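Please read the structure below before turning to the comments.
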Amino acid sequence: MRNLKCGGRGEVRQVERTALVLGAGMVGVTVALHLRRRGWDVVLVDRQGPGQGASFGNGGLIQREAVYPHPFPRALAELQRIARNRSVDVAYHPLALPSVAAPLQRYWWHSAPKRYARAVLGHSRLIATCLDEHMVLAREAEAMDLLRPIGWLQLYRTAVGLERAMSRADAARREFGVTYVALDGPALAQAEPHLLAERSGAIHWTDPYSVSDPHALTLAYARLFTAQGGVIATGDARGLQRCGSGWRIETTDGPMEGAQAVVALGAASAVVTQQFGYAPPLFGKRGYHMHYSLRGNAVLNRPLVDSDTGFGLMPMRRGIRLTTGVEFARSNAPPSPVQLQRAEPIARALLPLDRRVDAAPWMGVRPSLPDMLPVIGRAPAHDNLWCDFGHAHQGLTLGPSTGRLLAEMMSGETAFLDPEPYRAGRF
């Protein structure tokens with residue numbers, strides 16, 4: 001990257017295509033890659049290696065079917081169930097409630113039917129592009145072997161639950177072109193013959209791709225970025241400073257400077273943006289995973305989610321990945337994988353899991369915003385500070401799409417999608 005002088009007015013011209021991208025998860029790597037593909041000089045900066053944060057341990061699904069973001073529960077019975085704090089899908093630390101009360105209240109407000117419909121519209125437009133955008137990068141990165149076009153299964157214990165799910169799936173097909181196949185109990189048993197417990201049936205979402213190693217996919221995109229001339233450096237994003245009319249950050253390779261800066265730090269993004277006057281109501285949803293081997297010759301052909309309890313079982317390179325729902329905790333609270341402890345006996349009754357493969361559970365944080373849409377675009381009051389964060393459960397799915405959208409905006413191109421619903425100034 002070009003060396004830029006700090007301290008004088010106008011010494012870093014905004015027209016210069018130099019950028020610091022802060023955060024090397026799937027979102028940061030792909031925005032950096034899209035900028036580099038447009039001829040920008042880009043330095044990708046993180047305290048860890050690419051894909052070491054939430055991109056390391058997600059469920060490994062590129063979810064073309066996920067046109068409906070997760071709303072805040074509004075039914076009284078559901079709220080009472082969650083309040084008891086004994087479930088697999090949602091857990092909370094009581095001491096964390098004061099710090100998340102305000103964003104959760106706004107989350108509840110945005111989940112009202114009319115406002116939720118706006119979230120669905122904005123979310124579905126991004127989701128519609130996810131497979132195509134991943135395929136472009138995966139082919140170029142020679143990572144197609146990591147993508148499996150097998151979809152995933154959403155299991156239901158009761159016929160009533162399956163019938164309701166089919167109604168929602170029909171709506172998604174009519175409105176957004178999502179495809180699925182409904183499986184009754186015998187069809188599910190035929191599709192997954194090593195399930196130990198009967199279920200009334202399942203929805204097989206056929207569009208999504210399953211990723212056998214999400215971390216490896218992020219690394220493949222990062223290698224493509226460096227092969228095309230991008231630079232990856234180790235540094236703490238909290239040290240971002242103004243540099244004339246541009247930006248500067250210290251790294252282990254020395255100071256790095258750019259005319260533009262992009263904050264793509266997931267759940268930690270607001271820690272940086274608030275230093276420059278922008279404090280979006282970002283909050284984290286923690287999640288855990290553990291890998292298991294299978295007994296004997298048992299196999300799991302497709303990822304599955306047990307809808308009644310909220311855990312997932314995902315076939316990965318390392319083994320079967322058991323994933324949990326969401327946990328609300330203070331940002332500095334140590335891991336408390338109680339949801340894994342609750343989920344494991346149920347999972348063992350569903351699939352012949354054998355030994356734990358990992359020494360300890362993995363934990364990551366999903367960066368969430370109350371209106372269920374990411375922030376993509378220019379930060380308020382700054383012409384050259386940009387945002388790409390708040391993807392909640394869909395960082396893997398949406399990284400390439402939002403990376404392309406932001407790169408087009410920064411490059412002065414006509415964006416492939418109207419960026420208005422995702423603008424930073426809405427908060």
Side-chain angles (χ1 to χ4, degrees), residues 1-7 11-56 133 136-138 140-143 215-266 268-269 272-273 379 382 384-389 395 399-400 402-413:
M1 174 170 286
R2 187 181 314 177
N3 290 324
L4 304 172
K5 304 294 185 181
C6 293
E11 289 172 351
V12 179
R13 295 181 295 115
Q14 188 175 324
V15 294
E16 295 180 26
R17 292 194 166 197
T18 60
L20 303 173
V21 176
L22 309 179
M26 176 59 74
V27 174
V29 167
T30 50
V31 71
L33 179 53
H34 274 290
L35 286 170
R36 183 65 200 138
R37 287 158 64 92
R38 287 162 172 77
W40 287 65
D41 290 333
V42 186
V43 177
L44 180 63
V45 182
D46 203 314
R47 291 186 298 177
Q48 307 177 92
Q52 290 291 322
S55 297
F56 181 90
E133 296 300 330
V136 169
L137 299 186
E140 196 167 351
E142 299 182 350
H215 183 220
L217 185 63
T218 308
L219 289 176
Y221 292 169
R223 287 193 297 270
L224 178 60
F225 168 68
T226 56
Q228 295 185 351
V231 175
I232 298 177
T234 303
D236 190 335
R238 292 173 298 180
L240 183 68
Q241 304 172 25
R242 293 311 305 255
C243 169
S245 60
W247 302 95
R248 176 189 178 107
I249 191 169
E250 295 292 334
T251 75
T252 55
D253 296 319
M256 298 289 177
E257 298 159 4
Q260 313 281 328
V262 178
V263 179
L265 291 159
S269 294
V272 174
T273 63
H382 292 280
N384 58 352
L385 181 63
W386 303 81
C387 303
D388 193 1
F389 56 77
T402 64
R404 175 186 167 187
L405 180 59
L406 186 63
E408 288 174 345
M409 295 169 68
M410 293 176 66
S411 302
E413 301 173 15

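All figures in this text were calculated on a predicted structure; none of them were measured in a lab.
No side-chain heavy atom of D388 sits under 4.5 Å from any side-chain heavy atom of V263.
No more than 12 heavy atoms of other residues, nucleotides or ligands lie within 6.0 Å of CZ in R47, so this atom counts as exposed by the packing criterion. Heavy atoms from other residues, nucleotides or ligands lying under 6.0 Å from CD of Q228 number more than 12.
Nearest heavy atoms, Y221 versus P400: CE1-CG, 4.4 Å. Scanning both residues, R38 and H34, for their nearest heavy atoms gives NH1-O, 3.0 Å. The heavy-atom pair separating W40 from A19 by the smallest distance is CE3-CB, 3.9 Å. Here the shortest heavy-atom pairing between L137 and L224 reads O-CD2, 4.1 Å. In this structure, G25 and T218 approach most closely via the heavy-atom pair C-CG2, 4.1 Å.
For the atom pair OG1 (T226) and CG (L44), the distance works out to 10.0 Å, reported to the nearest 0.5 Å. With rounding to the nearest 0.5 Å, the separation of OG in S411 from CZ in R404 is 12.0 Å. Rounding to the nearest 0.5 Å gives a distance of 4.5 Å between CD of E257 and CZ of R248. The line from CG of D41 to CE of M256 is 11.5 Å long, rounded to the nearest 0.5 Å. Taking CG of L217 as the reference point, atom CE of M26 lies at 4.0 Å (rounded to 0.5 Å). Rounding to the nearest 0.5 angstrom, the gap separating the OG1 atom in T273 from the CG atom in L265 is 9.0 Å.
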Less than 3.5 Å apart, which donor and acceptor atoms pair up between the side chains of residues 229-237 and the rest of the protein, not counting sequence neighbours?
from, atom 1, to, atom 2, distance (Å)
D236, OD1, R238, N, 3.0
D236, OD1, R238, NE, 3.1
D236, OD2, R238, NE, 3.1
D236, OD2, R238, NH2, 2.7

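By the side chain to side chain contact (heavy atoms under 4.5 Å, CB included) test, R223 is found to be paired with L219, A220, residues two or more places apart in sequence or in another chain being considered.
Remark: side-chain polar atoms of H215 are paired, donor with acceptor, to backbone N or O of P50 under 3.5 angstrom. Judged by distance alone, the side chain of N384 and the main-chain N or O of A259 form a donor-acceptor pair under 3.5 Å.
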* Go through the steps for T251 and I249 under the test side-chain contact (heavy atoms from CB on, under 4.5 Å), then give the verdict. => CA-CA 6 Å; T251 75; I249 191 169; 4.2 Å; yes
* From CA spacing to verdict: side chain to side chain donor-acceptor pair (under 3.5 Å), W247, Q260 -> CA-CA 7 Å; W247 302 95; Q260 313 281 328; over 6 Å; no
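A side chain to side chain contact (heavy atoms under 4.5 Å, CB included) with V21 is found for one member of V29, L35, V27 and no other, namely L35. Screening V31, V42, L20 against V262 for a side chain to side chain contact (heavy atoms under 4.5 Å, CB included) leaves a single residue, V31.
Salt-bridge formation is detected for the pair R37/E140: a Lys NZ or Arg NE/NH1/NH2 atom is positioned less than 4.0 Å from an Asp or Glu carboxylate oxygen.
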